[in-house]
J.: 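If you scroll down you'll find the structure; I have some questions about it.
Within every chain, numbering begins at 1; the chains are lettered A, B, ... in the order of the sequence lines, protein sequences first and strands thereafter.
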Amino acid sequence: MWWRSASFILDQRHLQEDPSNDIASSSSKQPPDTLSSFMAAADPFNPIPNPKISAYYQTRAAHTAVVTSDWLAQAQAAVGHHPDDAQAPQTQQPLLAASSSGKSFCVINEFNNWRMQPDLAEAVAAIRALAAVIRASEATTMMELEIELKKASDSLKSWDTTSISLTAGCDLFMRYVTRTSALEYEDFNSARSRLIERAEKFGEISCKARRIIAMLSQDFIFDGCTILVHGFSRVVLEVLKTAAQNKKLFRVFCTEGRPDRTGLRLSNELAKLDVPVKLLIDSAVAYTMDEVDMVFVGADGVVESGGIINMMGTYQIALVAHSMNKPVYVAAESYKFARLYPLDQKDMAPALRPIDFGVPIPSKVEVERSARDYTPPQYLTLLFTDLGVLTPSVVSDELIQLYL
Amino acid sequence: MEARRASRTVSDPKVRHVGFFTPDPNPHPGRTPLASDAPVSNALSPVMIPPPRQPSDRTAAVPVPETGQRRQTGADQVPVGSYNPSESLLSSSPLPSSPSSRVGLVDGEFSEESGGWLRRSESEKYASSLPDTMVERAPENSASAAPRLESKKSVEVTGKGGKAVLEEQNEVQSSSKPLKEKTTKAERRALQEAQRAAKASGKAEGNKSAAVSQGAASVKPVKQPSQKKDGPPVSVSVVSFDKKGGDRPPEKERKKDVPAPRMQFDDKSRVQKAKKHAVVKQTEARNRVELFRHLPQYEHGTQLPDLESKFFQLDPVHPAIYKVGLQYLAGDISGGNARCIAMLQAFKEAIEDYSTPQEKTLARDLTAKISSYVSFFIECRPLSISMGNAIRFLKTHKVIVRHAITKIRDGDVLLTYGSSCVVEMILLYAHEMGKQFRVVVVDSRPKLEGQALLRRLVAKGLSCAYSHINALSYIMHEVTKVFLGAASVLSNGTVYSRVGTASVAMVANAFHVPVLICCEAYKFHERVQLDSICSNELGDPDAIAKVPGRTDVNYLNNWANKENLQLLNLMYDATPADYISMIVTDYGMIPPTSVPVIVREYRRDHVFL
């Protein structure tokens, strides 16, 4: 609790002198280290990523970021750096561990393959991976199959603890499995094929979900409105695409979305649709808020209180919008509802990501590397989900009915 | 949206169709057997009692249940979002010749009517029999009974179809009973208590408890669902009962719809009436605060000698009950949970010793006795809300502690107010788990309950600070979380708890400190309360006039003699939902807006403890 006493200065010095401390060493000594660790984590054969870096946000950065020439140059330079003392043992050990547990390695590998596709939601990738487990399994009874699935699901979840939709997707599938196995089927094989079929269908449902959300939100976009968008959410993009196709006249303000530069990517896409786009730096949100009619964001996860966990910066924007009486709309599929209940910003599992400032940072300077923040429900107006247009308090209602 | 609405009606409500599931074409096998025990009809009017002379009365009855059907479809053959009442009506209609549902109903009613009185006497047997009596009844009464039974399914079906139906049957029978015996509010409440008490005694009593519980079960669920669908049962029953010529029955029905309100004591006539039946003679206090005249206030300390002298003359009251009542009066037992347990144990003893007198039937006599006990308790000390649902108290605590522990981090400064046993358990357990945190215990006069908690925490080695409530805003800036207990949580998220809790929550909110309420799910109530005034409890005003250990502070010694001075000692207050961040229950952590969801989903289960 550094903010309660001035001893935080001494604590910091103490930390930095400690050689066994990963954080201090990695952030203070090598700024390009962040990129190399990024490369190591993105290695699909590494089943257990660097725990300091969130794999989920790595992927999102990869999907949404703009690849520029200087980024490429830096990446190549980083590859030259490659085996660090701190990195090598990390990459080697997991490989050893992985080869011994064939099954879990399979799942994660499978998951990784699916995950890399830019259009696929994370939860769908997880469920597809679990479906692959079912297909590959040699179990002969439902109980066995259930246990195998549980193991696979747990290993997926522990592989990346920061991804909420991954956890939610796994939980959803397990819930479905236990419910199915509770029913009595004469034929194990038919139950099995039913599960696989459902898993396949889930992918379709997920795409359908985006379309449903897009349809529902059309009523809220009127001609001549100005929409502020933060982060690159495929659902929000679908919403705007549909609105453009319906010949609505509106313009979009995109926040730059550092460090992923999601705004650049989004503005590219919107420009293709002939929607008037304006790019703002993140600090210019309050400046332009009076021109804005509504704020649209996606969500990485929707928590039990009705709040959302989304890319860093969402909370800020929601606060500004709330103080200026602008509605904040969230577009999220229902499988993102998670059984978390953060009380404040620090109440979640930390999800760190590398931040590249473009210039070397002195070693004494600490960097806030969290990739996400929590927006409490009182700042959100409505949630657009495939279940309908909901107020934040309904999320708990849905979760209770689903999980309890 | 359509799919969402529909999924509620179609299949197992516990499993939501969230993007992943589609309505299962195969009916849930676990549930159909129950539903098919008696020929299932999704239709008929909840009105069982036949009286109507003209079929025109039926028109009122028939369309009404359709709305009531919404929640009760068993089979999943029903296409999503729609149901075919006509189809089911006809399928279940007793006489094949009846072309319309109306006529079928009327016929059914008539045939029932002939045996109607017969059936009423059977209601006793219903009370003492198990749910599958219904199965044997079905063939016996053939079609007429069955659709009636099934139509009574105004309670949501969760696979307890059999029981639900049975109790609906009982509900009719018992609601026809008012014509024969006078059920008072207290008696109904007594039935609830009896049911719980019976369960608490572990069903060792066999028939006795089963009888009581079945009888009680009939009443309890009526209260719950009647809240949800006020319209149909009331109007329909009014239609039927009017013909019976009593305006008492409809009154009873309506009263059942609303949770029994506490008696309002500023109505002189009712107070007089109550006094006549009272076992405990209490003298009304003088100099009462105007705003709170609707709550009872008696001279403290006057009842005890009176009761003691009557002890040997009080035949109807079992000694265990009497003892607990005295303890309530004297204030020896304090705290919602403790009172509950004491009451249940007393009931258990009383029931064990009970034997039916010759001339009377078990169900009626036992319930009458229990009701007298309950009214005795009420006179000693008004019932707390949680006392109605106390059974699961012991089991729930472990779960709550586990959930709440996840919210305590190292370096936290936790504030608690008063003394709540759940909060105490959480703090002790977290300490055992090795978490590093400090506790601030805030206390208030006159009860100073926090001191006991403080002593216990310090004994276990926690580092604590102690303060009175006047210093609340002074210490709040260093607090990271506030843990509070509750006497009950109401449907709009309002927390009804020891007086002072609301202040703590509001100050915490002003400092942006999260407030966590730790409360078992049985304390949730469907009632809604907007302020602390309409329902509360008044304590002894003398307690605030005196300061223990300070005889020199005697300025208020003669307060009663001063006409323009009134002392108010409130026991509870209501904290609005806006100040509460989260409620930790045995079902997990929920926002305060989800209290009615828990009540809705889990009340039915609780009834059948």
J.: Are the side chains of B:R600 and A:I400 in contact, using a 4.5 Å heavy-atom criterion?
T.: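 No, every pair of side-chain atoms sits at 4.5 Å or beyond.
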
J.: Between B:K481 and A:D347, does any NZ, NE, NH1 or NH2 come within less than 4.0 Å of an OD or OE carboxylate oxygen?
T.: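 The answer is no: the pair does not qualify as a salt bridge.
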
J.: Of all heavy-atom pairs between A:Y341 and B:P591, which one has the smallest distance, and what is that distance?
T.: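 Closest approach of A:Y341 to B:P591, heavy atoms only: OH-CA, 3.2 Å.
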
J.: Using non-hydrogen atoms and a 4.5 Å limit, figure out which bit of A:K346 sits close to chain B: side chain, backbone, both or neither.
T.: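 Contact with chain B: backbone and side chain both.
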
J.: Would you mind checking which part of A:P342 comes under 4.5 Å of any heavy atom in chain B, side chain (CB onward), backbone (N, CA, C, O), both or neither?
T.: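 When you check distances to chain B, only backbone atoms of A:P342 fall under 4.5 Å.
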
J.: If you look at every heavy atom in A:D397 and B:S594, which pair is closest and at what distance?
T.: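 For A:D397 and B:S594, the tightest heavy-atom pair comes out as N-OG, 4.1 Å.
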
J.: Taking atom types as modelled and ignoring hydrogens, do the side chains of A:S393 and B:T593 form a donor-acceptor contact shorter than 3.5 angstrom?
T.: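 The answer is no; no qualifying pair exists.
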
J.: Please give me the minimum heavy-atom distance between A:R339 and B:Y587, naming the atom from each residue.
T.: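 What the structure gives for the nearest pair is NH2-O, 3.8 Å.
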
J.: As an exercise, state the distance from CG of A:D344 to CZ of B:R409, rounded to the nearest 0.5 Å.
T.: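 Nearest 0.5 Å value for the CG-CZ distance: 5.0 Å.
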
J.: Relative to chain B, which segment of A:E304 carries a heavy atom at a distance below 4.5 Å: side chain, backbone, both, or neither?
T.: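 It is both, since atoms from each part get that close.
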
J.: Assess whether atom CZ of B:F437 is packed by more than 12 heavy atoms of other residues, nucleotides or ligands within 6.0 Å.
T.: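 Yes, enclosed.
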
